[in-house]
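The chain is numbered in sequence order, starting from 1.
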Amino acid sequence: MEYKFTTENFNSEVLESDLPVLVDFYADWCVPCKMMAPVVAEMAGMFEGKVKVGKCNIEENMEIAQKYRVLHIPTFVLFRNGQAVETSVGSISKEDLEKKIREVL
């Protein structure tokens, strides 16, 4: 299941999560973001119950994007225990994204 992270739920769903969290910072107009969407959805299914995987629209949640210095999209940030532990900017292969997720487990 893919989560939708917003200003309203970011603290409870991401920072206070008992599970590691992958946040895909994206925008609807971003072509590379659209290309990554099926990969992110696959990761959500693959890591169900082990990692929360979701998206955060930077245009609707600018303060979150600014806080984590998201300057280019897509940007993937892995959180563990409320801390950003890994950041990847730009398109990434399915294998590399899976490897990064496994490293935080």
Problem - Minimal non-hydrogen separation, Ser17 against Leu19, with atom names - result: OG-O, 2.9 Å
In Å and rounded to the nearest 0.5 Å, what is the [atom1] to [atom2] distance from [X] to [Y]?
X: Met36; Y: Thr75; atom1: CE; atom2: OG1; result: 11.0 Å
X: Asp24; Y: Glu2; atom1: CG; atom2: CD; result: 7.5 Å
X: Ile73; Y: Phe25; atom1: CD1; atom2: CZ; result: 11.0 Å
X: Ile92; Y: Glu98; atom1: CD1; atom2: CD; result: 11.0 Å
X: Leu15; Y: Asn81; atom1: CG; atom2: CG; result: 11.0 Å
X: Lys55; Y: Glu60; atom1: NZ; atom2: CD; result: 12.0 Å

Problem - Electrostatic pair Glu63-Lys67, nearest N-O below 4.0 angstrom - result: no
Exercise for the section: For Glu86, check salt bridge (charged side-chain N to carboxylate O under 4.0 Å, His left out) against everything at least two apart and list the hits. Expected result: Lys100
Practice task
Would you check if the distance from the ring center of Phe79 to the ring center of Phe5 is below 6.0 Å?
Solution key: no
Problem - Val14 side chain near Tyr3 side chain, heavy-atom distance below 4.5 Å - result: no
Exercise for the section: Determine whether Leu22 and Leu97 make a side-chain contact, defined as any pair of heavy atoms from C-beta on separated by less than 4.5 Å. Expected result: yes
Are [X] and [Y] joined in one hydrophobic group, where the rule is that I, L, V, M, F, W and Y side chains link up if heavy atoms are under 4.5 Å apart?
X: Val104; Y: Met43; answer: yes
X: Leu78; Y: Leu105; answer: yes
X: Val85; Y: Phe76; answer: yes

Handout entry: Heavy-atom donor-acceptor pair, Asn61 side chain to Thr6 backbone, under 3.5 Å
Key = no
Less than 3.5 Å apart, which donor and acceptor atoms pair up between the side chains of residues 46-54 and the rest of the protein, not counting sequence neighbours?
from: Glu48; atom 1: OE1; to: Met1; atom 2: N; distance (Å): 2.4
from: Lys52; atom 1: NZ; to: Glu13; atom 2: O; distance (Å): 3.1
from: Lys52; atom 1: NZ; to: Glu13; atom 2: OE1; distance (Å): 2.7

Would you mind writing out the side-chain donor-acceptor pairs for residues 26-33 within the sub-3.5 Å range, not counting sequence neighbours?
from: Trp29; atom 1: NE1; to: Glu59; atom 2: OE1; distance (Å): 3.3
from: Trp29; atom 1: NE1; to: Glu59; atom 2: OE2; distance (Å): 2.9

